[in-house]
Amino acid sequence: MQHNDTLQIIRPDDWHLHVRSGEALKSVIGMTATQMGRAIIMPNLMPPVSNAAQAKQYYQEIVNALPAESSFTPLMVLYLTDNTMTEQIQAAVDGGLVVAAKLYPAGATINSDSGVTDIANIYPALEKMQQLGMPLLIHGEVTDVAIDIFDREAVFIERILTQVVKDFPELKIVFEHITTKDAVDFVLSASENIAATITPHHLLANRNDMLVGGIKPHYFCLPILKRENPHQQALLSAATSGNAKFFLGTDSAPHAKNDKESSCGCAGILSAHCAIELYASAFESQNALDKLEGFASIFGADFYGLPHNKETITLKKQDWIVPDSYPFANTTVVPFMAGKTLGWKLVP
Ligand code: NCD
Ligand code: ZN
């Protein structure tokens, strides 16, 4: 519902989130808990969350770190490895906390060393997931050193994803944090059980923001920001189209300031501090604020077969300046849009 300067929507969910562990977790979990009803918690810890027992332990750590009286629910994810057994998939589903499993091609991104070296190695696991209706969440980039970093998503579609979809026609798949027109087109032409998440930074930024006028490490993430035209444009169109195949997933991925402002800076952007405000800005830029609720609060839940949240949130049209940094364990993290003015603010 939109009146002049307020916007009320069903409380959103974040279908792709990194919250880390230990003190770092305590620093950032409140940001998401304030905004979101639930979040899909990415399992790329060291060591990865690769069985039901580890998922339960991580779930408990997150719940313990929540602010008092928070009703936020973490949705746990299993990290697929070359050795994931069908029994582990079954045990994860039986445990009740794990709702999906994640494919990281080995070496594709932060803490993906234990990831899958050959898709054939997880075919038994995928067969089991298809049978159980458990979604496969995919980091869709090839790791072949011969492939240019800007092409890795498109080549993944061509070399891997097209075949997986053929071999497992009933498997539910979320193509995570899509960044290219190629990915948008693939999802649009695929069957109903193929969906995608889109991050706020891929909607609001492109590679010029990262590279023109000096290299900006706080814009560096994986998959890397692409060209405005056609890629950022295609993402904006898809997100604001009202098509239920596209939904909110921030990929908020905090790293300490020093780990990013470095000669070998980490990939990952913190957006949890104002996720819904960022999406509101992106949707407003397309004159599509009426499409925000579906994208943020309905389509993801429907895809995962979960109920919609009962509460609502309210956003107010109000300029505010994003802080330069936030505390992060014993150091700081620089958030997305640090020092910039945003035009929407969540009403507490
Ligand atoms: C993520 C992280 O830091 O965990 N980084 C990122 O750039 N998105 C890993 C990931 O999702 O690829
Ligand atoms: Zn991620």
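Bear in mind that the values here come from a model prediction, so they are computed numbers and not experimental data. Each ligand, and each atom within it, is numbered from 1 in the order the structure gives.
In this structure, atom 10 (C) of ligand 1 lies nearest to the protein heavy atom T109 OG1, 3.4 Å. Among protein heavy atoms, the minimum distance from atom 2 (C) of ligand 1 is reached at R20 NH2, 3.4 Å. Here the heavy atom of the protein found nearest to atom 11 (O) of ligand 1 is H18 NE2, 3.0 Å. Among all protein heavy atoms, the one lying closest to atom 5 (N) of ligand 1 is A267 O, 3.2 Å.
By the 3.5 Å distance cut-off applied to N or O atoms, C221 is not counted among the residues near ligand 1.
Without hydrogens or angle criteria, K226 side chain to I224 main chain gives a donor-acceptor distance under 3.5 Å.
Side-chain contact check for E277 versus Q318: every heavy-atom pair is 4.5 Å or farther apart.
Protein N/O/S atoms found under 2.8 Å from the Zn ion (ligand 2): H16 NE2, H18 NE2, D251 OD1.
With a 4.0 Å cut-off on non-hydrogen atoms, N44 touches ligand 1 through its side chain and not its backbone.
For residues 161-194, the set of pairs meeting the ring-ring contact (aromatic ring centres under 6.0 Å, His included) definition, not counting sequence neighbours, comprises H16-H177, Y123-F168, H139-H177.
The two residues L80 and V116 make their nearest non-hydrogen contact at O-CG2, 3.6 Å.
Taking a 4.0 Å cut-off on heavy atoms, E176 fails to register as neighbouring ligand 1.
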